[in-house]
Amino acid sequence: MRPLTEEETKAVFEKLANYIGKNLVHLIDRDEDDAYCFRLHKDRVYYLPLPMLHLATSVARPNLVSLGTCFGKFSKTGKFKLGITSLDWLAKYAKYKVWIKPSGELPFLYGNHVAKAHMGRITEDTPEHQGVVVFNMADVPLGFGVTARSTLDTRKLDPTGIIVFHQADVGEFLRDEDTMF
């Protein structure tokens, strides 16, 4: 487990900024009592409290499986991909949100995009190609994706038009449980 390099940090923060915007400072600048840090271990980026990091130094790297919250992983080409395990943090600080109706929850959890017919609400002034967190109508985070249209364009769209491109959802825990960790 090591700190992120300059390029890795830039890639992670650019991806996070697409979803949480200026709220990214809440992940980084925290109180001394509640300090967190990002660490890389086996191409995966973890977000963990500093006391947990100090405890992990006593474990050998080959024996360390996971630590803290896995935010995502780097591909072999060096691109960063956010993982569904970061959903709790993304939902807490998300700048733009989409709520889907109960009839649209299951299709989204099976990996499909969000259609206009399934959308319940959307945050005002959401731009096109912006990262959003998808909630059900009871404010339970279900996943995240990227908007296909801006808020203004969604009003003119037909019911079968795609509003949010699927990126990840909580159903991945069941679909990809063999390869996730």
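Bear in mind that the values here come from a model prediction, so they are computed numbers and not experimental data. Index from 1, following the sequence.
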Side-chain contact, heavy-atom cut-off 4.5 Å: [X] with [Y]?
X	Y	value
Phe135	Val140	no
Phe71	Tyr46	no
Ile122	Lys97	no
Lys116	Asp158	no
Lys81	Ser75	no
Leu50	Cys37	yes
His113	Gln167	no
Leu67	Arg39	no

Apply side-chain contact (heavy atoms from CB on, under 4.5 Å) to the pair Thr57 and Met1, showing each step before the final yes or no.
CA-CA 9 Å; Thr57 56; Met1 184 155 298; over 6 Å; no
Are [X] and [Y] linked, directly or through other ILVMFWY residues, by side chains that come within less than 4.5 angstrom of each other?
X	Y	answer
Val134	Met137	yes
Leu4	Ile28	yes
Phe13	Leu82	yes
Tyr110	Ile162	no

I need the [X] [atom1] to [Y] [atom2] distance, nearest 0.5 Å.
X	Y	atom1	atom2	value
Lys79	Lys15	NZ	NZ	9.0 Å
Leu142	Leu106	CG	CG	10.5 Å
Arg2	Arg61	CZ	CZ	8.0 Å
Lys73	Asp43	NZ	CG	8.5 Å
Leu48	His54	CG	NE2	9.5 Å

Quick check: closest heavy atoms across [X] and [Y], and the distance to 0.1 Å?
X	Y	result
Ile84	Val170	CD1-N, 3.8 Å
Thr69	Thr85	CG2-O, 3.4 Å
Asn18	His129	OD1-O, 4.1 Å
Pro127	Tyr96	CD-CZ, 3.6 Å
Met52	Gly68	SD-N, 3.7 Å
Leu24	Ala17	CD2-CB, 4.5 Å

Is the ring pair Phe38/Tyr47 parallel, tilted or perpendicular, if the boundaries are 30 and 60 degrees? tilted
With a 6.0 Å cut-off (strictly less than), is the heavy-atom count around NZ of Lys42, excluding the residue itself, greater than 12?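 Yes - once you tally the heavy atoms of other residues, nucleotides and ligands closer than 6.0 Å, there are more than 12.
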Checking the side chain of [X] only, and the main-chain atoms of [Y] only, is there a donor and an acceptor separated by less than 3.5 Å?
X	Y	answer
Lys95	Gly21	no
Thr151	Thr126	yes
Asn136	Asp139	yes
Arg149	Asp153	no
Asn23	Tyr93	yes

query: Could Arg30 and Tyr36 be counted as a cation-pi pair, given that NZ or CZ must be under 6.0 Å from the ring centre and within 45° of the axis?
result: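 Verdict for Tyr36: a cation-pi partner in Arg30.
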Practice prompt. Apply side-chain contact (heavy atoms from CB on, under 4.5 Å) to Val164 and Val132, showing your working.
Written response: CA-CA 8 Å; Val164 177; Val132 293; 3.9 Å; yes
Point to revise | Worked check of side-chain contact (heavy atoms from CB on, under 4.5 Å) between Phe74 and Val12 | key: CA-CA 9 Å; Phe74 282 98; Val12 170; 3.8 Å; yes
- Between Tyr19 and Phe144, does the ring centroid distance fall short of 6.0 Å? yes
- Below 6.0 angstrom between ring centroids: does that apply to Phe108 and His118? no
Checklist entry - Which one of Thr123, Leu87, Ile20 satisfies the side chain to side chain contact (heavy atoms under 4.5 Å, CB included) criterion with Val133? => result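 Answer to the side chain to side chain contact (heavy atoms under 4.5 Å, CB included) test with Val133 among Thr123, Leu87, Ile20: Leu87.
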- Examine the side chains of Asp29 and His26 and answer whether a donor and an acceptor come within less than 3.5 Å of each other.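 No, no side-chain donor-acceptor pair sits under 3.5 Å.
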* Steps toward side-chain contact (heavy atoms from CB on, under 4.5 Å) verdict (Val146, Gln130) -> CA-CA 5 Å; Val146 176; Gln130 176 66 43; over 6 Å; no
Flag the pair Arg44 and Glu8 as a salt bridge only when some basic side-chain nitrogen lies within less than 4.0 angstrom of an acidic carboxylate oxygen. no
